[in-house]
Each structure stands twice: as C-alpha cells, then as structure tokens.
Chemist: 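What follows is a structure written as structure tokens; I'll ask about it next.
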Amino acid sequence: MQFLKDMCKGAVIGIANIIPGVSGGTMAVSMGIYDRLIHCITHLFKEFRKSILFLIPIILGAGIALVASAFGLEYLFDAYPVPTNLLFIGLILGGLPAMCKKVKGRRVKAGHIAAFIVFFVLVAGLALMGEKEGAAADMSFSLLNVIKLFGVGMIASATMVIPGVSGSMILLLIGYFHPIIEAISSFIRALVSFDMNGILRGMGILVPAGIGIIVGIFAIAKLIEIIFEKFPLYAFWAIIGLIVASPVAIVLMKLASFSGVTVLTALVSVVTLAVGFFVSMKLGE
C-alpha cells in the first residue's frame with residue numbers, strides 16, 4: 001500500500017514537472033516528502049538501502065507520469081483548461097497547512113518576511129515573463145548538441161528540484177520544451193514498433209539530457225540540504241512564499257484560459273480545486 005502511495009506521489013511530481021508554470025518541487029513540498037527526498041538523494045550511497053527503497057516508487061511513478069503526460073496531458077489543458085489548472089492549484093495549496101505548522105509558534109523575524117517576499121516575487125516574476133517559447137532547439141545528433149543537451153538536463157533538473165520554479169517553463173523559454181516532449185513520445189513509439197533507427201535517434205537526445213538531469217539533481221540537492229540545516233526557518237518561509245505564489249503564477253500564465261468561463265465550468269473547477277486540495281493533504285499525511 002505504501003509503495004503505491006509513493007508511486008502516486010511520484011506521478012504527481014512527474015506530471016507537475018511537465019506542465020509549464022507548475023513546480024515539481026512545490027508538489028513534493030505539498031505532499032510532505034520534499035525534505036526526505038532531498039535527504040535520500042544526498043545520502044544515496046551512505047544509506048543506500050533505505051534511500052533506494054524510498055526513491056524507487058517515486059521514480060517509477062514520475063517516469064510513468066512523464067510518458068503518459070507526453071501523450072495525453074496537452075489534450076486536458078486544451079479541452080478543459082480551467083478545471084485542470086484548478087486541480088493543480090488545489091494540489092499546491094493542499095500542502096500549505098502542513099508548511100505553516102512548521103513555523104507556527106516561532107518568532108517571525110524581518111529576514112523571514114524578506115525570504116517570503118523575495119521568493120514570492122521570483123515565482124510571480126517568472127510567470128510574468130510569459131509562456132512565449134524561444135526559437136526551437138536543434139535536436140540533430142552532433143557533439144555540440146550532446147553537450148548542449150547535457151547542460152539543458154542540468155538546468156532542467158535544478159529548476160525542477162527547487163520548489164516554486166517550473167523546470168518546464170525554463171525549457172519552454174530556451175526552446176527545448178516541445179522538442180524534448182516530442183522526443184519522448186517518438187522514442188516510446190519507436191520502442192513499441194521496434195524501430196531501431198527511431199530508438200537510436202531518441203537515445204541520442206534523451207541519454208545526454210538524462211545524464212545531465214541526474215548530475216544536476218545531486219548537485220542542487222546537496223546545496224538545498226545545507227540551506228535546510230543552517231537556516232531552516234528562512235527556508236520554510238521561502239517555501240511558503242513559493243507555495244502562495246505558485247497559484248498566482250499559474251493564473252498569470254494561463255489568464256486567457258480563464259476568460260468566458262460558464263457556470264458549469266466554474267462549478268466543475270471548484271470541485272477539481274477541492275479534489276486537488278484533499279488529495280494533496282492525504283498524500284502528505
């Protein structure tokens with residue numbers, strides 16, 4: 001049962017990482033597994049058995065969700081934009097009560113408020129940059145592109161691990177989001193049809209990006225662990241700022257989707273918001 005629950009948490013993180021404007025790190029915080037996730041990554045070799053038992057279902061869930069998202073998620077956002085966005089807003093806000101408990105009863109300093117404001121502005125500012133995509137990246141196989149994809153993987157993983165920062169939005173801005181999503185779906189289709197040319201072409205894109213993601217995750221996780229050890233209350237207030245700002249960022253980025261909402265859509269959206277909030281709270285227990 002716990003394995004399936006952790007897979008569900010991984011799936012939520014995986015889906016969040018694929019949606020521009022939504023942060024996988026924020027979802028991990030909302031479900032109450034962020035600090036443990038960082039600890040398991042940074043202590044993978046010191047506490048190998050314990051860490052790997054926790055990470056396997058998370059990685060499996062995230063991997064399955066990423067593959068499924070590459071095929072079907074855009075349809076949901078195109079067909080039902082408001083209810084789908086409200087579902088993720090609910091998932092994010094569901095972690096706010098647990099995070100507020102971590103600072104409850106503690107004296108609030110000016111530095112704590114500053115951390116909240118800085119990270120709120122950071123997330124809102126990224127959203128105000130818009131969802132305008134940069135020039136489409138060149139995905140042809142070459143040594144230069146392999147190096148670029150490794151770097152892109154590092155950037156993506158770092159931004160995906162940091163709560164409140166949307167890795168997929170960063171990829172969108174630098175022109176790699178849609179090419180990589182297309183590469184994932186093409187690679188899966190090539191595997192199913194045993195198309196060796198397609199498999200090798202996909203590996204030429206996904207392997208260097210994947211190695212970059214792994215390196216980036218370990219590097220940023222260690223830095224985050226140090227921050228939580230040295231300045232825990234500042235980190236908690238910063239994360240509260242990120243959580244509060246994330247729904248604002250989603251609305252700012254998807255503002256056009258919220259125009260002309262019917263009564264039925266509004267009612268369904270309220271339900272999806274409540275469902276997301278409830279699911280996030282339950283997964284975080």
Side-chain angles (χ1 to χ4, degrees), residues 10 13-29 33-35 37-45 51-52 55 58-63 65-67 69-70 119 122-123 125-127 129 131 133-187 201-228 235 238-239 242 249:
I13 294 169
I15 292 171
N17 275 327
I18 213 79
I19 304 167
V22 182
S23 165
T26 300
M27 297 314 309
V29 170
I33 62 169
Y34 185 76
D35 50 352
L37 191 62
I38 294 297
H39 179 85
C40 287
I41 292 169
T42 55
H43 293 76
L44 180 61
F45 300 107
S51 297
I52 206 72
L55 291 173
I58 302 292
I59 293 169
L60 278 175
L66 282 169
V67 172
S69 298
F119 283 87
L122 171 66
V123 175
L126 284 172
M129 289 174 66
E131 206 174 332
E133 185 172 9
D138 176 15
M139 304 295 275
S140 59
F141 185 77
S142 67
L143 178 60
L144 179 60
N145 283 341
V146 167
I147 295 169
K148 282 183 180 179
L149 285 165
F150 175 81
V152 166
M154 287 192 67
I155 293 169
S157 64
T159 52
M160 287 172 184
V161 169
I162 299 170
V165 181
S166 170
S168 50
M169 184 170 70
I170 301 300
L171 290 180
L172 193 70
L173 293 172
I174 62 177
Y176 277 88
F177 179 71
H178 288 298
I180 286 179
I181 292 298
E182 177 58 32
I184 293 171
S185 56
S186 297
F187 181 68
R201 187 163 53 249
M203 288 179 68
I205 296 170
L206 299 178
V207 168
I211 294 171
I213 287 171
I214 292 168
V215 172
I217 285 175
F218 276 93
I220 196 68
K222 189 61 184 176
L223 176 61
I224 290 170
E225 184 182 48
I226 292 169
I227 291 170
F228 270 93
I239 287 174
L242 294 168

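Since we're looking at a predicted model, the values are computed, not measured.
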Chemist: Can you list, pair by pair, the side-chain donor-acceptor contacts under 3.5 Å of residues 208-227, counting residues two or more places apart and other chains?
Modeler:
residue	atom	partner	partner atom	Å
K222	NZ	E225	OE1	3.2
E225	OE1	T42	OG1	3.3
E225	OE2	T42	OG1	3.0
E225	OE2	H43	ND1	3.3

Chemist: List the atom of G202, the atom of F187, and the distance in Å for their closest heavy-atom pair.
Modeler: CA-CD1, 3.9 Å
Chemist: So, taking the atom named CG in L37 and the one named CD1 in I13, what distance separates them when rounded to the nearest 0.5 Å?
Modeler: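 Atom-to-atom, L37:CG and I13:CD1 are 6.0 Å apart.
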Chemist: Any side-chain hydrogen bond (donor to acceptor under 3.5 Å, both in side chains) pairs touching residues 205-217, not counting sequence neighbours?
Modeler: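 The answer is none; no pair qualifies.
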Chemist: Working to the nearest 0.5 Å, report the span between CG of L55 and CG of L44.
Modeler: 6.5 Å
Chemist: Hey, what do you get for OG (S186) to CD1 (I205), rounding to the nearest 0.5 Å?
Modeler: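 Between S186 OG and I205 CD1, I get 8.0 Å after rounding to 0.5 Å.
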Chemist: Are side-chain heavy atoms of L149 and L206 found at a separation under 4.5 Å?
Modeler: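 L149 vs L206: side chains apart.
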